[in-house]
Amino acid sequence: MPNPIPLGVFGFPAGHILSPVLHNKAAEELGLDYHYLAYEVHPDYLEEAVRGARAMGFRGLTITIPHKVAVVKFMDELSEDARLMGAVNTIIFEEDGRLIGHNTDGIGWLRFLEETTGEHPREKKCLVLGAGGAARAIAVKIAQCGAAHLEIRNRTYEKAMELAHFVEKSVPSSKVKGGGLDDLYSAADGCEIIVNTTSLGMWGNAERMATPPIPEDAIPNGCICSDAVYIPPDTEFLKAARRAGAQIVHGTGWLVYQAAAAWKMWTGVDMPTDIVMEVLHEALELRLGIEG
Ligand code: NAP
């Protein structure tokens, strides 16, 4: 019997990565012969690892921290999102040997937002908290969607300004404001979408987990609040947003939907997202229970 078609994720470190749980569940449910593993790839060996995966017949790879920007230069072609974001989180190995770099972080976030709220960033006032890798994908996607106003606030002021300039250059029709984490009241005033892409709220450090990225009374009633953090699924930010009368969009949905977009590109088949979401929640509960 032939081996299953290999898929995988390259990260450094890789022990904590949950995407094998999602993709292997999808393969099992759909009865497809794919097998997905996590690989710890040192940054010095990224190119060799990608070319090795091609040589070994991989159909696709997920690329995660810290390789998303570094891997771009090894691609033969980039999708529009990957080009605008300057980052790749999904590789397709074509039959003719070409490597196509995609980025599903923005589209996964957008699809889950639309499905959960029925809303779209077009003509909306949007605030992105954070200026790291997740912020880059979301800020570009929001700008592409034609937001009326986009502001990026980050602990390190310079990184917020850098990202604001990067987005304006990638999406020339956009006007993006950058700033620090001071006076988030004025930044959030009248906001219709707030996205947390900082790691505040994330499990693993008690103080970080208990700290919301924005004061509760700065969150406008009726605003949409979306969190990148998915462990725990219900973060301090989302709890505060709920109390403030906002609509909640969980980071778990974003994680599953960016994986679903990659899965569809590799296999041509829709991922059963409801079932995959269930298995993700089970895996998160186990991790929080064992290590929390
Ligand atoms: P990253 O590139 O390392 O960026 C981390 C961001 O968090 C930076 O803006 C950093 O600010 C900020 N930050 C860290 N500690 C902080 C603190 N104590 N106070 C205020 N700001 C702080 O990481 P990333 O790749 O963007 O990921 C960020 C989060 O999003 C992680 O929790 C990750 O798991 C999650 N994520 C989720 C998905 C999903 O599918 N749901 C996708 C991508 C990422 P400085 O610039 O000042 O350091």
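The first residue in the sequence is number 1, and the count goes up from there. Whatever order the structure lists ligands and atoms in, that order sets their numbers, starting from 1.
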Considering residues, nucleotides and ligands other than Phe74, do more than 12 of their heavy atoms fall under 6.0 Å from its CZ?
yes
If you scan protein heavy atoms around atom 45 (P) of ligand 1, the nearest is Thr156 OG1, 3.4 Å
Between His35 and Asn24, is the side chain to side chain contact (heavy atoms under 4.5 Å, CB included) condition met? List the steps.
CA-CA 6 Å; His35 191 58; Asn24 289 328; 3.6 Å; yes
Does the protein place any heavy atom closer than 4.0 Å to atom 33 (C) of ligand 1?
no
Which option, Trp254, Tyr257, Trp203, owns the non-hydrogen atom nearest atom 39 (C) of ligand 1?
Trp254
Among protein heavy atoms, which lies nearest atom 25 (O) of ligand 1, and at what distance?
Ile65 CD1, 3.4 Å
Atom 21 (N) of ligand 1 has as its nearest protein heavy atom Arg155 CB, 3.8 Å
For ligand 1, which is the ligand I care about here, please tell me if Ala131 has any N or O atom under 3.5 Å from one of the ligand's N or O atoms.
yes
Answer yes if the side chains of His250 and Asp234 hold a donor-acceptor pair under 3.5 Å, and no otherwise.
yes
Give me the nearest non-hydrogen protein atom to atom 2 (O) of ligand 1 as residue plus atom name, then the distance to 0.1 Å.
Gly133 N, 3.0 Å
Taking it one step at a time, do Tyr34 and Trp266 satisfy ring-ring contact (aromatic ring centres under 6.0 Å, His included)?
CA-CA 10 Å; Tyr34 289 89; Trp266 297 326; 8.4 Å; no
With atom 13 (N) of ligand 1 as the reference point, say which of Gly130, Ala259, Ser199 has the nearest heavy atom.
Ser199
Taking only non-hydrogen atoms of Ala134 and a 4.0 Å limit, the atoms of ligand 1 in range are 24 (P), 25 (O), 26 (O), 43 (C), 44 (C)
Select the closest option to atom 20 (C) of ligand 1 among Leu18, Leu200, Asn205, Thr198, judged by heavy-atom distance.
Leu200
Element-labelled atoms of ligand 1 that are located less than 4.0 Å from some non-hydrogen atom of Lys159:
46 (O), 48 (O)
Cut-off 3.5 Å, side chains only: do Asp81 and Gln144 have a donor facing an acceptor?
yes
Where's the contact between Ala228 and ligand 1, heavy-atom distance under 4.0 Å: side chain, backbone, both or neither?
both
Close approach of Met202 to ligand 1, heavy atoms, under 4.0 angstrom:
yes
What are the atoms of ligand 1, with element, lying closer than 4.0 Å to any heavy atom of Gly132?
2 (O), 4 (O), 9 (O), 26 (O)
Does the side chain of Ser226 come under 3.5 Å of the side chain of Trp254 through a donor N or O and an acceptor N or O?
no
Heavy atoms of the protein only: does one fall short of 4.0 Å from atom 18 (N) of ligand 1?
yes
Lys/Arg cation over aromatic Phe166: Arg136, 6.0 Å, 45° cone:
yes
Regarding atom 8 (C) of ligand 1: of the candidates Val128, Ile152, Thr197, Asn154, which has the closest heavy atom?
Asn154
Give the atoms of ligand 1, by number and element, whose distance to some non-hydrogen atom of Gly251 is under 4.0 Å.
41 (N)
Val229 neighbourhood, listing ligand 1 atoms whose heavy-atom distance to it stays under 4.0 Å
32 (O)
I'd like to know whether OH of Tyr45 has more than 12 heavy-atom contacts from other residues, nucleotides or ligands below 6.0 angstrom.
no
How about NE2 on His281, more than 12 heavy atoms from neighbouring residues, nucleotides or ligands closer than 6.0 Å, or not?
yes
Would you say CZ of Arg243 has more than 12 non-hydrogen atoms from neighbouring residues, nucleotides or ligands within 6.0 angstrom?
yes
Counting the benzene-type ring for Trp, do Phe12 and His42 have ring centres under 6.0 Å apart?
yes
